[in-house]
2 protein chains.
Amino acid sequence: MSTLMSTAEAARAIDPAPIFAALGDRTRLSLLMRLSDGRTRSITMLAGDTDLTRQAVTKHLRVLQDVGLVESVRHGRESRFTCRPEPLDVARAYLDGVAAQWDDALLRLKAFVEE
Amino acid sequence: MSTLMSTAEAARAIDPAPIFAALGDRTRLSLLMRLSDGRTRSITMLAGDTDLTRQAVTKHLRVLQDVGLVESVRHGRESRFTCRPEPLDVARAYLDGVAAQWDDALLRLKAFVEE
DNA sequence: GAGATACGCAACCTTAAAGTTGCATATTAT
DNA sequence: ATAATATGCAACTTTAAGGTTGCGTATCTC
């Protein structure tokens, strides 16, 4: 079989559950929000704004990293995190798919009732 | 202050984390997918397609119900579940917001580099 | 080189998620 | 009325999430 597919197709092929799970935590959403300005931040910087310990923040960043939502680059003694938006496309593609199926169902139902 | 707001504004006002958390499980995503054809199903029906016990499915349905993703109506001795797409809009609005912020950041960065 | 800074790793605690089993109760069908 | 069906409730187990603390190591700064 061919392995060629568009990014949209690729997005649909990836299991979205782990991505949603990573997004399903307030602390992690907050970290993402702060990183979504495109700037890069160290763990200590990110932990400074929260009431959590650095280790807790590190764990959350690890969860985000495992699904590709952030990326880290070592820079001297600090590791700098950046937002990676690709998994968001996977999540959006999934939601769009469910919503589309839902809308189709409503249309068919309406057509059925009116015929 | 006014409490008037559009559905889009309302969507942004709701904490999306619990919705994402509810979506962050394969079994629940599968339940949602099967319900997103708009048809109504009993717990036993939904549990029949899985390798889980009825009770496990009941718990998952409860999680989905708690964030408004499904709705149940008692009908005789069975309770029938229906998909409710509104929370999906909340999730989509949130993802769109983050993605937009991200795109803005890239634009500003580009402008900064080129100036 | 010495001290401060930034991090990684590992152990540990607490709580909740996911799932099971057993039993009670309400409905439907015969 | 009885038997079968569909569900609800509660107790219990297992495992993982979220968080902390302590300590070791690499890296800047002076």
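Just so it is clear, the model here is predicted, and its values are computed rather than measured. Below, chains carry the letters A, B, ... as their sequence lines are ordered, and counting in each starts from 1.
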[X] [atom1] to [N] [atom2]: how many Å, rounded?
| X | N | atom1 | atom2 | result |
| --- | --- | --- | --- | --- |
| Asp51(A) | dG18(D) | CG | C1' | 13 Å |
| Gln65(B) | dT7(D) | CD | P | 13 Å |
| His75(B) | dT5(D) | NE2 | C1' | 16 Å |

### Query
Which residue, Thr27(A) or Gly76(A), contacts DNA chain D at a nucleotide closer to its 5' end, judged by nearest heavy atom?
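Whichever sits nearer the 5' end wins; that is Thr27(A).
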Side chains of [X] and [Y], heavy atoms from C-beta outward: is any pair under 4.5 Å?
| X | Y | answer |
| --- | --- | --- |
| His60(A) | Leu31(A) | yes |
| Pro16(B) | Leu29(A) | yes |
| Val57(A) | Thr53(A) | no |

### Query
Atom CZ in Phe81(A), atom CG in Leu35(A): separation rounded to 0.5 Å?
9.0 Å
### Task
Provide the closest heavy-atom pair for Ser36(A) versus Cys83(A) in the form atom of the first, atom of the second, distance.
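The pair with the smallest heavy-atom distance is CA-SG, 4.2 Å.
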### Query
Could you run down nucleotides 2-17 of chain C 5' to 3' and tag each one B, S or - for protein heavy-atom contact under 4.0 Å?
---BSBBB--------
### Query
Using the ring of each side chain (for Trp, its six-membered ring), is Tyr94(A) parallel, tilted or perpendicular to Phe20(A), with breaks at 30° and 60°?
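Aromatic pair Tyr94(A)/Phe20(A) classed perpendicular.
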### the helix from dG1(C)-dC30(D) to dT30(C)-dA1(D): angle between end helix axes, five pairs per end, rounded to 10 degrees
30°
For residues 66-74 of chain A, run the donor-acceptor check on the side chains, cut-off 3.5 Å, and write out each pair with its distance to 0.1 Å, sequence neighbours left out.
residue: Asp66(A); atom: OD1; partner: Arg62(A); partner atom: NE; Å: 3.3
residue: Ser72(A); atom: OG; partner: Gln65(A); partner atom: NE2; Å: 3.3

### Query
Pick one: which of Arg41(A), Met33(A), Arg34(A) meets side-chain contact (heavy atoms from CB on, under 4.5 Å) with Asp37(A)?
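Result for side-chain contact (heavy atoms from CB on, under 4.5 Å) with Asp37(A): Arg41(A).
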